[in-house]
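Quick caveat: nothing in here was measured; it's all calculated off a predicted structure. Chain A is the first sequence line, chain B the second, and so forth, proteins listed ahead of strands; every chain is numbered from 1.
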Amino acid sequence: MKVFSLKKEERLSKKKLIQELFEKGSSFYLYPLRVVFLPTNSKQNQILISVSKTNFKRAVDRNTIKRRIREGYRLNKHALSSDIFFSIAYIYTAREIVDSSIIHQKIIQSFNEITERK
RNA sequence: AAAGCAAACCGGCUUAUCGUGUCGUGGAAACGCGCCAAGGAAAGUCCGGGCAACACAGGGCACCGUACUUCCUAACGGGAAGGUGGCGCGAAACGCGCCAACAGAUAGCGCCACAGAAAAUAAACUACCCACAACGACUUGUCGCGAUGGGAAAAGGUGAAAAGGCGGAGUAAGAGCCCACCGCCCCGGUGGCGACAUCGGGGGCAUGGCAAGCCUUACGGGUUGAAAGGCCAAAUAGGCCACACUUCUUAACCGAUACUGCUGCCCGCGGUAUGCGCAAGCAGGUGUGGUUGGGUAGGCUGCUCGAUCCCCGCUGUAAAGCGGGGGCUAGAUAAAUGAUAAGCGCUUCAAAAAACUGAAGUACAGAACCCGGCUUAUAGGUUUGCUUUUAUU
């Protein structure tokens, strides 16, 4: 598998898995993100990105933030290496649009948190 | 040339690295290669239609919507052309532009704040005119005054609006009481498909405003909405059929009553329940086998070739229609169409012109079944038309 790709299999799309993640998963806050994660028995890490409609009324802004987070995960996901895999949800909680470089940095930090806490 | 107004259109480009989705192609697979990949509003969800499911014998009333005319259209509350009224520009026009909830107020009910005498069967304030008891004056039969009785609706002031307007004649003072012109109403002619325009005759005014209070007239209106709907495999509740065992009461039809469906109500027509009447033989439970299969989560489909787009010709004042040629132009589903970096272009500013340099800015905004409109947001730019100002000929 290529290093920087991000296929559909790496995204959470099943309703049951999402419900399980939010009911049983543990979470921590890392500005501007809230991260929810749960170890799973699937064959790879799966992520979910969410931006609240109340904080960003325009769809253009929500798309931009989602794309930046996705790129941050895609370009750095090789740093998250472990013997087990996780379901991870990134929820954007800030009220303003943050630069890409900061988001990238925070995502790398989140990987360290997850591997420590498991 | 500049400014203003209106209409139509455009609304960034290139490269590098790493990525995403549909389709095509190679491959057993992993994956590789190629093509394409947001908008003028994709937005608001305000109208109209296609498509789909469900419902529907029919009639009346209610409810909701629309409202100058003709045309366009699949349809519309949209558009085109025109009529009428109002406003703006202008010296002015039969000019140009903008706006209109633009059917009916002699079908009926209701309302008309404040001010004002009075707000709709007019008049109770001031002012005007006539008569005249009492009183006053003096030139002693006249004048003044005004309780009171009557006339009039012209004048003042109030108001958004004061009972057709203006002028004349008339009168005690006045009044469509009478007359001319204008307005209004009625009838007829002419032109126009029509809204309407115009001409002639008659009426003496009867008819204040509000329909965005109720209402009247004419026309239209099933409900839901892609989370619609269809298909697939799995597990399972339930239904149905056959057989066996078991228990003993009660099924169907018709009438009656109650509830309910047809947008609401009534009539009408259906459906269900009750088991009172009439009537008479099957009804319930358990097990086995077969068959069917609601809902839930998942996958596939619906899904993008269409009232389609571009060009040319013809018809029409135009909206638009017809014919010919060419093109295929997003299909995601916890939701792709991107991220990062560099450069270019454009606009503004740095006194003025050109070049250079620097700084700042580069909008509104993201498809979710598909179309036709409307409304709202939008940095900057282009074109066309009209008006005004200045310059030149």
Next item on the list: Kindly state each residue pair satisfying side-chain hydrogen bond (donor to acceptor under 3.5 Å, both in side chains) with at least one member in residues 47-57 of chain A, sequence neighbours excluded.
Entry: A:Ser52-A:Thr54, A:Asn55-A:Arg95
Note to self: Suppose we define a pair by two distances each less than 3.5 Å, Watson-Crick or G-U wobble; what does B:rA335 pair with here?
What the structure shows: none
Check: Looking at the angle O4'-C1'-N9-C4 for a purine or O4'-C1'-N1-C2 for a pyrimidine, is B:rA41 syn or anti, with syn meaning within 90° of 0?
Finding: anti
Notebook entry, point to check: Across all strands, who's sitting opposite B:rC231 as a Watson-Crick or G-U wobble pair, both distances under 3.5 Å?
Noted result: B:rG299
Check: Looking at B:rA365, B:rA367, B:rG338, which one has an atom nearest to any side-chain atom of A:Arg74?
Finding: B:rG338
Margin query: Please name the nucleotide paired to B:rU375 by Watson-Crick or G-U wobble geometry with both distances under 3.5 Å, or report none.
Written below: B:rA43
Item checked: Residues from residues 89-101 of chain A lying under 4.0 Å of RNA chain B - heavy atoms -> A:Ser100
Detail all sub-3.5 Å separations between protein N/O atoms and N/O atoms belonging to nucleotides 377-379 of chain B.
none

Check: Please give, in whole Å, the distance from B:rA339 C1' to A:Ile102 CD1?
Finding: 16 Å
Next item on the list: Go ahead and name the base partner of B:rU190; Watson-Crick or wobble counts if both distances stay under 3.5 Å, otherwise write none.
Entry: B:rA197
Notebook entry, point to check: Whole Å only: how far is the NE2 atom of A:His104 from the C1' atom of B:rU340?
Noted result: 8 Å
Item checked: B:rG108: pairing nucleotide in any strand, Watson-Crick or G-U under 3.5 angstrom -> B:rC214
Next item on the list: Starting at atom CD1 of A:Ile103, determine the distance to atom C1' of B:rG338, rounded to an integer number of angstrom.
Entry: 14 Å
Margin query: Checking contacts here: which listed nucleotide (B:rA367, B:rU340, B:rA365) is nearest the side-chain heavy atoms of A:Arg68?
Written below: B:rU340
Check: Is there a path of hydrophobic side-chain contacts, each under 4.5 Å between heavy atoms of I, L, V, M, F, W or Y residues, that connects A:Phe28 with A:Ile108?
Finding: no
Checklist line | Rounded distance (nearest 0.5 Å) linking atom CD1 of A:Ile69 with atom NE2 of A:His104 | finding: 10.0 Å
Note to self: How close do A:Leu30 and A:Lys106 get, counting heavy atoms only, and between which atoms?
What the structure shows: CD2-O, 3.2 Å
Checklist line | Nearest-angstrom distance from the residue atom CZ of A:Arg62 to C1' of B:rA335 | finding: 12 Å
Notebook entry, point to check: Across all strands, who's sitting opposite B:rA319 as a Watson-Crick or G-U wobble pair, both distances under 3.5 Å?
Noted result: none
Check: Does the side chain of A:Ser27 come within less than 4.5 Å of A:Arg34's, by heavy atoms?
Finding: yes
Next item on the list: Could you tell me which residues satisfy side chain to side chain donor-acceptor pair (under 3.5 Å) with A:Asn112, sequence neighbours excluded, listed by chain and number?
Entry: none
Notebook entry, point to check: Taking any strand in view, what nucleotide pairs with B:rC349 in a Watson-Crick or G-U wobble way, both distances under 3.5 Å?
Noted result: B:rG358
Note to self: Nearest to the A:Leu48 side chain among B:rA334, B:rU340, B:rA336, which nucleotide is it?
What the structure shows: B:rA334
Checklist line | For B:rU260, the Watson-Crick or wobble partner whose two distances fall under 3.5 Å | finding: B:rG270
Next item on the list: Could you tell me whether B:rA283 is syn or anti, where syn means a glycosidic angle within 90 degrees of zero?
Entry: anti
Notebook entry, point to check: Aromatic rings A:Tyr73 and A:Phe111: how do their planes relate, parallel, tilted or perpendicular, breaks at 30° and 60°?
Noted result: perpendicular
Note to self: Could you tell me how far B:rG48 sits from B:rG21 if I compare only their P atoms? Round to whole Å.
What the structure shows: 41 Å
Next item on the list: Starting from P on B:rU20, measure out to NZ on A:Lys66 and report it in whole angstrom.
Entry: 18 Å
Check: Of all the choices, B:rA339, B:rU337, B:rA367, which nucleotide is nearest to the side chain of A:Arg70 once you look at every atom?
Finding: B:rU337
Checklist line | Linked, directly or transitively: A:Val60 and A:Val98 (ILVMFWY side chains, under 4.5 Å) | finding: no
Look for any protein N or O under 3.5 Å of an N or O in nucleotides 36-38 of chain B and output each such pair with its distance, or none.
none

Provide a list of protein-nucleic acid N or O atom pairs under 3.5 angstrom, restricted to nucleotides 10-13 of chain B.
none

Checklist line | Interatomic distance at P, B:rA365 relative to B:rU378, whole Å | finding: 8 Å
Next item on the list: Using atom CG of A:Asp61 as one end and atom C1' of B:rA43 as the other, report the distance to the nearest whole Å.
Entry: 14 Å
Notebook entry, point to check: Whole-Å distance between B:rG19 C1' and A:Ile69 CD1?
Noted result: 17 Å
